[in-house]
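Labels below follow one simple rule: chain letters A, B, ... track the order of the sequence lines, proteins then strands, and each chain is numbered from 1.
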Number of protein chains: 2
Amino acid sequence: MPPTVTEPIRKRPTLHDVAARAGVSKSLVSLALRDSPKVSAASRAAILAAAEELGYRPNRTASSLVQQRTHSIGVHILDLHNPVFAEILDGVHEAARRHGYSTLLVTGNADRQTEKQEITRLLESRVEGLILIAHRLSDDDIAAIAAEVPTAVVTWQMDGIARVDSVSGDDRLGMRLGVDHLVTLGHRSIAHLSGGENRISHARRDGYVEAMAAHGLEPRVIPGGFTESQGYRAAHEAASSSQDDPPPTALLVANDLAAIGALAAMRDLGLDVPGDISIVGYDGMRLLEALDITTVAQPLADMGRQAADLLMERIDRLDRPSVHRRVATELRSRGSSGPPPSPRR
Amino acid sequence: MPPTVTEPIRKRPTLHDVAARAGVSKSLVSLALRDSPKVSAASRAAILAAAEELGYRPNRTASSLVQQRTHSIGVHILDLHNPVFAEILDGVHEAARRHGYSTLLVTGNADRQTEKQEITRLLESRVEGLILIAHRLSDDDIAAIAAEVPTAVVTWQMDGIARVDSVSGDDRLGMRLGVDHLVTLGHRSIAHLSGGENRISHARRDGYVEAMAAHGLEPRVIPGGFTESQGYRAAHEAASSSQDDPPPTALLVANDLAAIGALAAMRDLGLDVPGDISIVGYDGMRLLEALDITTVAQPLADMGRQAADLLMERIDRLDRPSVHRRVATELRSRGSSGPPPSPRR
DNA sequence: CATCGGTGTTGGAACGTTCCAACTGTCCCT
DNA sequence: AGGGACAGTTGGAACGTTCCAACACCGATG
C-alpha cells in the first residue's frame, strides 16, 4: 500500500536531464529512445537506465511541434449514447492503431454549434485527419474543413468534395429489404417511423416510399427521431391512431434505438409483437440480437475500419480523388417480425 | 457546391505571417487574439482582418509547450459499448467544458495491457488530470499514475492513495435494496448473476451474500460478466439447471447490460418475466426504462460531473487530502419484477 | 523644460523535442 | 604515411507560441 504522504509533483525531467545523468548529449538520448541503430550498446544501456531512474516521459507536444506531425486523427461522433457508434468506433480504433495513429474523440452532442466548436478544437490540435461519424454539417462546412485536413465521413455518401472520402451503406436498398421482408410475410399496411430532419433519415424515408410504391402500397410516414423516446412516441402514435384508419400491422423504424422504443410502446399498449404488429429496426447493432428484434444490418465495425483506412491512405497521398465505399446491407430476420394478425385483403 | 479541384494544402499560416500582413509584431498579434485589453482598437481590427484573410488557426501544441499547460484532461473508459459509460461521460464533459478544459478520451477495451498503454499516451500528451471510469488497474498502478498527475476514479472507492479522489455508489447497499425488493415481493430463491472477477463485481456479490444472509436465505452465485452475452449465458444456466435444484424465482444481475441478456435468455427458454421469474439489473442506464426492467439505479451523469469537479479542484490545489464522494443508490421498480409464480414455502 | 505615468508595442528568450551538418575516432586500404 | 569509409556522437537551429523586460510615444505635471 503506497504511503499517503503528498510529495509535490516536481518538474518533469527532460531529455536534457537524462542526458546529463547518462553523461551523453541530448541528441544521443533522443536517438536511443527512438531505437536508432546508430547508438552503441553501452550508450543505449546507460541512457535507458538514466531515463528509468528519472522517470522520464517524452513530451508529445514538443515532439509534435518540431516534427510538424502529431500522429493523431480526430474523430467526431454524433451521439455516444447510441451503441451503434461505439461499434463503428471499434473499427476506427483498430485501424488507427494498426497505422500507428492515436485518436482524439469528441462529440457534438447533436448540436451543430458545439459540433463546429469541437471540430475547431481538433484542428487547433493539428490532427492529421478527421473522421466524422454521422454529423449535422452542411456540404460547405465539410468542404471548408477538408481544405485544411483530409476527411472521411461515415454513414453518409459524400461526393464531389475534394479530399473527402466516405463509407456508407445503401439506405434506399436497406429500406427496400425491410419493406420486402414485411411484404413477404404478408403485410400490406406498413408504417415508417422516420428519424427526423436529417439527411440519413430523409434517404431512409425516401427508400421506404419508393419500396412501398414498387409494391403498389400506400406509404405512411410518422415523424420520429433516432432515440428510444422518440421511437416510443412515434410508435405510440402510429399504433393508437385507430379511430379513423386501422393501425398498421408493421412498423419499419428509422434506426435500432428507436425500434427499441417502439417495442416498449407496443408493450405498454398491450400489443403483442409480432402477433399484433411487427417491428423492424435499422443499423444492426449487437444489442438487438439479445432483444430479438429484426433489423436491416450494416457491418458497423467494418465501416469504421474502412473509413480509417481510407483516411490513412489519403494522408499519404493528399491529392487522390475522392472515394466512396458502399458496404453490404442485409436483413436480419428475428422474432419481432412475423405474419400480420388477420389475413387482410 | 464547392469545386472538385484539389488545391494543395499549403503550409499553415503562423502568428508571424499574420503579423507581417497586419504590419505589427507577432507579440501584438498574440495579445490581440487572446483578447488582451492592452491592444488598441485599430491594431486589433487590422490583426483580426489579417488573421481572417489568411485563415489563421492557432497551434495548440506550440501554445501548450510554452505555457506548460494543455488545458486538457484525459478520460479513460473501460468499455464504450456499455451505454452506462456514455451517461457518466456526459457529466464529465459538462463539467470539463464548464471549467474550460477539453477532454482526451481513450478506451482500454477491457484489456489491462492496452489500458496501461493508452494511459501512457495520455501522460505523454501532458494531460493535467485523469479520470478513470471503471478500470482494471492495481492500487500500485493507480498510485504510480497519481504521482504524475491528479486522478479521479469513478465507480469505485479509492482511499488512502495520495492525489486520488473517487466517486461511487454504494454497491453493498445497492445489492441489499435489490434483495429487499425481491424478498418483499415474496421471493426466497434469488440467484445472483455475477459480473466476473473484478472489484466491482466482488463488492456487488458480497453485498448480495450479506443481504441474503440478513434475510436468512441461501445465496446462490452464478458466475457471469458485464456484457449481454455473458448475462445471457449465466441466466440460461441459472434457469435451466432444474434437474437437481428447482430454478430460482428471481435473478439479481450484476449490471444492466447483463440483465438485458438475462431477459433474452428467459424469452428463449419460454419463461415469462415476471410471471415465472423476476429480473433486476444494476446501474440505472436510460435504456432500461424503455425495456421496462427493474434496476438498482445510480445517478450516472452526476457521478461523472462530480468526478470532474473534484479533479479540477485538485488541479488547483494539488495537496488537498483525498476525497471520496458517495452518491445515492435507489431501486427503480419496473415491469421485470413481480411476485414469484407459486407461493413457495 | 525636465520628469513622470500610462498606453501600446516590441524583440528576444524560453518551452522540449527532432533534424542536420559536422565532428572524432578507428580501422582498413593503397 | 595518407586517405577514405564508417560508426558513433555532438551542438545548434528549428518548430510556433507565450512571457517578459524594455521601449516609444503621448499628455500631464512639477
Side-chain angles (χ1 to χ4, degrees), chain A residues 10-48 50-51 54-72 100 120-121 123-128 148, chain B residues 10-48 50-51 54-72 100 120-121 123-128 148:
Chain A
R10 57 185 191 290
K11 204 171 163 337
R12 300 222 55 108
T14 70
L15 272 191
H16 198 86
D17 302 321
V18 177
R21 177 171 259 256
V24 296
S25 71
K26 62 173 179 24
S27 305
L28 198 59
V29 175
S30 176
L31 290 171
L33 294 179
R34 283 175 297 149
D35 290 325
S36 161
K38 340 187 67 175
V39 181
S40 72
S43 305
R44 160 164 292 125
I47 290 169
L48 260 38
L54 291 174
Y56 171 74
R57 205 177 277 291
N59 185 327
R60 270 166 95 90
T61 61
S63 158
S64 298
L65 182 59
V66 64
Q67 280 191 98
Q68 301 282 75
R69 297 209 50 185
T70 56
H71 293 283
S72 68
T120 299
R121 267 191 164 155
L123 294 177
E124 292 184 357
S125 302
R126 295 295 190 268
V127 293
E128 298 181 28
E148 297 195 36
Chain B
R10 57 185 189 291
K11 205 173 162 338
R12 299 220 58 107
T14 71
L15 272 190
H16 198 86
D17 301 321
V18 177
R21 177 171 258 255
V24 295
S25 72
K26 63 176 179 22
S27 304
L28 197 59
V29 175
S30 175
L31 290 171
L33 294 179
R34 282 175 299 148
D35 291 325
S36 162
K38 340 187 66 174
V39 181
S40 71
S43 305
R44 161 164 293 124
I47 290 169
L48 258 38
L54 292 175
Y56 172 75
R57 204 176 277 292
N59 185 327
R60 270 166 96 89
T61 61
S63 158
S64 298
L65 182 59
V66 64
Q67 279 190 97
Q68 301 280 75
R69 296 208 49 185
T70 56
H71 293 283
S72 67
T120 298
R121 265 190 165 155
L123 295 176
E124 293 183 357
S125 302
R126 293 296 189 268
V127 292
E128 298 181 29
E148 297 195 35

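Residues satisfying the salt bridge (Lys or Arg N to Asp or Glu O under 4.0 Å) test with B:Arg34, not counting sequence neighbours, are none. The side chain to side chain donor-acceptor pair (under 3.5 Å) test applied to A:Ser40 returns A:Ser43, not counting sequence neighbours. With sequence neighbours excluded, no residue satisfies side chain to side chain donor-acceptor pair (under 3.5 Å) with B:Ser64. In terms of the side chain to side chain contact (heavy atoms under 4.5 Å, CB included) criterion, residue partners of A:Glu124 (sequence neighbours excluded) are, by chain and number, A:Thr120, B:Arg57, B:Pro58, B:Arg60. Applying the side chain to side chain contact (heavy atoms under 4.5 Å, CB included) criterion to A:Asp17, with sequence neighbours excluded, gives A:Pro13, A:Thr14, A:Leu54. The side chain to side chain donor-acceptor pair (under 3.5 Å) check on A:Ser25 picks up nothing, with sequence neighbours excluded. The side chain to side chain donor-acceptor pair (under 3.5 Å) check on B:Ser27 picks up nothing, with sequence neighbours excluded.
Using a 4.0 Å heavy-atom distance criterion, A:Ser63 is classed as a sugar-phosphate-only contact. The residue B:Ser27 sits close to a base: some heavy atom pair falls under 4.0 Å. Nucleic acid contact class of A:Arg34 (heavy atoms, under 4.0 Å, all strands): sugar-phosphate only.
No donor-acceptor pair closer than 3.5 Å links the side chain of B:Arg44 to the backbone N or O of B:Leu33. Using a distance-only test at 3.5 Å, with no hydrogens or angles considered, no donor-acceptor pair links the side chain of A:Thr61 to the main chain of B:Thr61.
A nucleotide of DNA chain D counts as in contact with chain B when one of its atoms lies under 4.0 Å from a heavy atom; the first and last such, 5' to 3', are D:dG16 to D:dC19.
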Using nucleotides 4-8 of chain C, report all nitrogen or oxygen pairs with the protein that are shorter than 3.5 Å.
none

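Summary for the helix from C:dC1-D:dG30 to C:dT30-D:dA1: the axes at its two ends, each from 5 pairs, differ by 80° when rounded to the nearest 10 degrees.
Both B:Gln68 and B:Ser25 sit near DNA chain C, but only B:Ser25 has its closest nucleotide nearer the 5' end.
Side-chain contact check for B:Leu15 versus B:Asn59: every heavy-atom pair is 4.5 Å or farther apart.
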